[in-house]
Amino acid sequence: MTNREPDTAKITDLLLAVSNGERDALDQLVPVVYDHLRRIAGAQLRREIPGHSLQPTALVHEAYLRLVDQRQVHWRNRAHFFGVAASLMRRILVDHARARLADKRGGGLERVTLTGDEAVDSPRGIDVLALHESLERMAAFNPRQQRIVELRYFGGLTIEEAAEVIGISEATLVREWTVAKAWLRADLSGVRVDGASS
């Protein structure tokens, strides 16, 4: 474990306590996960169009409010928590982009393609709505690949963490991540694609 990485066992224990209704565990969880959530938010916002009005702190706070409002969730572990956080941050960014587009009636967004390992190195100025729409199309025929992209790209989870959340081997995740990125590149560039492999 690095100095920057939250203590996995402590987070898992706190999440299990929160799932069991222990409110004081929630108060203890906030300082333990806040920095990691802020790093995820910062990474996501760096991929946005320059001049984005949403700041990492606001994204974390909005996501956290939605996370703690998930009363029916039984948290399994740290990876599960950050996976759900990634999904929520994606939804917040999409909602924000939709509102921005509604204000600008099209907004002049530029489409970009996904290249390389997006969770680590991603382009600035990505059209989050185009990516979201592409992921929705992918989810129609391969929800697992859509979830992998969500966890890796939006959540910044490692291969190991994403595989744990989904419940597949790391090798399978790497294969599906590779196929999903190729499908997204083609879809975002306007090339007709009928589906990703299963």
Side-chain angles (χ1 to χ4, degrees), residues 33-34 36-70 72-73 79-157 161-162 165-166 176-177 179-191 193 195-196:
V33 298
Y34 183 82
H36 190 70
L37 287 172
R38 196 162 192 300
R39 280 194 301 277
I40 292 171
Q44 287 189 29
L45 289 170
R46 280 191 295 278
R47 293 187 289 257
E48 288 284 314
I49 294 170
H52 198 287
S53 62
L54 196 59
Q55 298 298 314
T57 301
L59 181 56
V60 167
H61 290 180
E62 180 66 26
Y64 193 78
L65 288 174
R66 293 184 189 189
L67 278 167
V68 298
D69 197 36
Q70 303 285 321
Q72 300 302 320
V73 174
H80 179 224
F81 176 81
F82 287 119
V84 172
S87 297
L88 290 174
M89 285 187 193
R90 172 184 169 208
R91 289 185 200 125
I92 292 164
L93 287 173
V94 168
D95 290 346
H96 188 75
R98 283 184 177 143
R100 192 173 61 232
L101 276 179
D103 291 342
K104 295 182 179 184
R105 298 183 189 258
L109 295 174
E110 176 183 340
R111 284 190 159 189
V112 296
T113 59
L114 298 173
T115 57
D117 188 353
E118 298 305 324
V120 176
D121 182 28
S122 100
R124 288 188 60 94
I126 190 154
D127 180 350
V128 73
L129 282 180
L131 178 58
H132 171 72
E133 291 166 2
S134 189
L135 286 171
E136 292 295 309
R137 286 188 292 276
M138 178 185 281
F141 59 84
N142 198 320
R144 185 162 78 182
Q145 286 184 2
Q146 180 268 339
R147 183 71 173 137
I148 290 169
V149 173
E150 186 174 67
L151 293 171
R152 296 279 295 137
Y153 183 80
F154 286 96
L157 270 62
E161 291 168 332
V165 168
I166 295 172
E176 293 205 20
W177 171 235
V179 170
K181 288 188 298 184
W183 187 92
L184 285 169
R185 270 188 225 104
D187 191 60
L188 288 170
S189 67
V191 173
V193 286

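As a basis for the values below, the full set of heavy atoms in this structure was taken, side chains included, without hydrogen atoms, waters or symmetry mates.
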Fill in: Contacts of H80 that satisfy ring pair (Phe, Tyr, Trp, His ring centres under 6.0 Å) - sequence neighbours left out
W75
Worksheet item: Should Y34 and T57 count as side-chain neighbours, where that means a heavy-atom distance under 4.5 Å?
Response: yes
Worksheet item: Which pair of heavy atoms, one from A86 and one from G155, lies closest together, and at what distance?
Response: CB-CA, 3.0 Å
Item to complete: Find the distance between CG (L88) and CG (L93) and round it off to the nearest 0.5 Å.
Response: 11.0 Å
Discussion item. Give me the atom names and distance for the closest heavy-atom approach of L184 to S134.
Written reply: CD2-OG, 3.1 Å
Item to complete: Check each of R98, R137, R91 against H132 using the side chain to side chain donor-acceptor pair (under 3.5 Å) test, and report the only one that passes.
Response: R98
Worksheet item: How close do E161 and A79 get, heavy atom to heavy atom, and via which atoms?
Response: O-CB, 3.8 Å
Discussion item. Which heavy atom of R152 sits nearest to which heavy atom of A162, and what is that distance?
Written reply: CD-CB, 4.1 Å
Worksheet item: Does V33 reach the side chain of F82, with side-chain heavy atoms less than 4.5 Å apart?
Response: yes
Discussion item. For a quick test of reading the model, state the closest non-hydrogen atom pair linking A63 to I92 and the distance between them.
Written reply: N-CD1, 3.4 Å
Item to complete: Output the distance between atom NE2 (H96) and atom CG (L59), rounded to the nearest 0.5 Å.
Response: 9.5 Å
Response to the item:
Rounded to the nearest 0.5 angstrom, the CD1-CG distance for I40 and L157 is 6.5 Å
Fill in: Any residue meeting side-chain hydrogen bond (donor to acceptor under 3.5 Å, both in side chains) with E62, in chain and number order, not counting sequence neighbours
R66
Fill in: Rounded distance (nearest 0.5 Å) linking atom CG of L37 with atom CZ of F81
5.0 Å
Worksheet item: Does L135 reach the side chain of R90, with side-chain heavy atoms less than 4.5 Å apart?
Response: yes
Discussion item. To the nearest 0.5 Å, what is the distance between CZ on R38 and CD on Q55?
Written reply: 8.5 Å
Worksheet entry | Heavy-atom pair with the smallest gap, counting every atom of A41 and P56 | CB-O, 3.7 Å
Worksheet item: Distance from F141 atom CZ to Q146 atom CD, nearest 0.5 Å?
Response: 10.5 Å
